[in-house]
Amino acid sequence: MATREIAGKTVQVNDEGFMTDPVEWSEEIAAAIAAEEGIGALIDAHWTIIRWCRKEAEGKKWKSPTLRQITTGTEVSTKELFTLFPKGPAKKVARIAGLGKPEGCV
Amino acid sequence: MAENNRHIAFICSKGDLDMAYPALIMGWGALGDGIDVTIFFTFWGMDLVTKKRLGKLQLAPVANTSMKMSLMGVPVPANWGIPNVMGIIPGMTRFASWIMRKKIKQVGAPTVPEYLQMLIDGGAKLYPCKMTADMMGLKEEDFIDGIQGIATVSDFLDMTKDAEIIFI
């Protein structure tokens with residue numbers, strides 16, 4: 001398993017750059033990945049989504065939620081989700097939240 | 001549209017309930033992965049964006065070799081189809097559509113109108129076909145809010161020069 005350093009911490013990642021051990025995640029790591037993804041500084045609305053995803057995934061053996069699950073679970077609208085995480089929110093949210101690629105099509 | 005961004009264009013030509021979903025599912029997945037999405041609706045596919053029709057799409061069991069008795073919950077060998085003669089019984093199309101809607105809901109997928117709204121909100125560009133609109137007497141106000149406008153074939157081809165095109 002490959003490793004890489006993010007925000008001063010060495011974490012395990014897969015070929016696509018997703019963290020493979022969600023427990024290694026920290027808020028500093030999230031901020032660093034968000035910067036890499038071109039999202040910039042994370043605001044409260046980002047954190048609401050990130051924290052919800054982590055909580056949701058934790059109860060489901062760290063299975064990453066899909067976009068539809070995020071919008072129904074957080075009451076964040078689709079438009080808002082695509083504005084907060086532009087150009088590919090599915091993978092961006094998962095990466096920043098330290099989760100794997102979402103498993104599901106909706 | 002971002003420069004050098006991957007772009008997928010779907011041509012939806014069918015208005016059956018089951019044929020509405022492929023573009024919606026793949027289009028939504030593409031948006032989620034940061035891919036630009038354009039959908040052109042033509043012929044029966046116009047039903048997907050026509051206000052009076054999109055919530056009432058149906059699935060007919062007649063001459064549909066993929067519709068099996070087991071889909072209806074009938075305990076028979078998996079390959080037993082629904083006899084065409086049964087398909088012509090009044091109410092069968094409605095029943096088959098209801099079964100399909102139930103199955104779609106079971107996997108957590110939204111209805112066609114909800115899906116279209118998600119695609120619009122996610123940035124997909126939707127265009128009904130001009131020739132079909134003229135042929136069916138449909139005007140801009142007959143279509144759902146959020147479409148980009150009625151487009152000709154030439155408009156569509158201009159918009160999708162660098163796109164991967166999928167015909168459904």
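Note that this is a predicted model, so its numbers are computed, not measured. Labels below follow one simple rule: chain letters A, B, ... track the order of the sequence lines, proteins then strands, and each chain is numbered from 1.
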Other residues, nucleotides, ligands: >12 heavy atoms within 6.0 Å of B:Tyr21 OH: yes
Transitively linked via ILVMFWY side-chain contacts under 4.5 Å: B:Leu59 with B:Ile88? no
I'd like to check B:Met118 versus A:Lys79 (side-chain heavy atoms, cut-off strictly below 4.5 Å). Are they in contact? no
Counting heavy atoms not belonging to A:Lys55, are there more than 12 under 6.0 Å from its NZ? no
Going from CZ on A:Phe82 to CG on B:Leu31, what distance comes out if it is rounded to the nearest 0.5 angstrom? 5.0 Å
Tell me whether A:Ile39 shares a hydrophobic cluster with A:Ile6, the cluster being built from Ile, Leu, Val, Met, Phe, Trp, Tyr side chains joined at under 4.5 Å. yes
Does A:Lys87 come within less than 4.0 Å of B:Asp33, counting only side-chain N to carboxylate O? no
Nearest heavy-atom neighbours spanning A:Thr78 and B:Trp28: CG2-CH2, 3.5 Å
Note: vs chain B, highest number of non-hydrogen pairs under 4.5 angstrom among A:Lys91, A:Lys92, A:Gln69 is A:Lys91
With a sphere of 6.0 Å drawn around CG of B:Asp158, does it hold more than 12 non-hydrogen atoms of other residues, nucleotides or ligands? yes
What option among B:Pro110, B:Gly108, B:Ala30 has the most heavy-atom pairs under 4.5 Å with chain A? B:Pro110
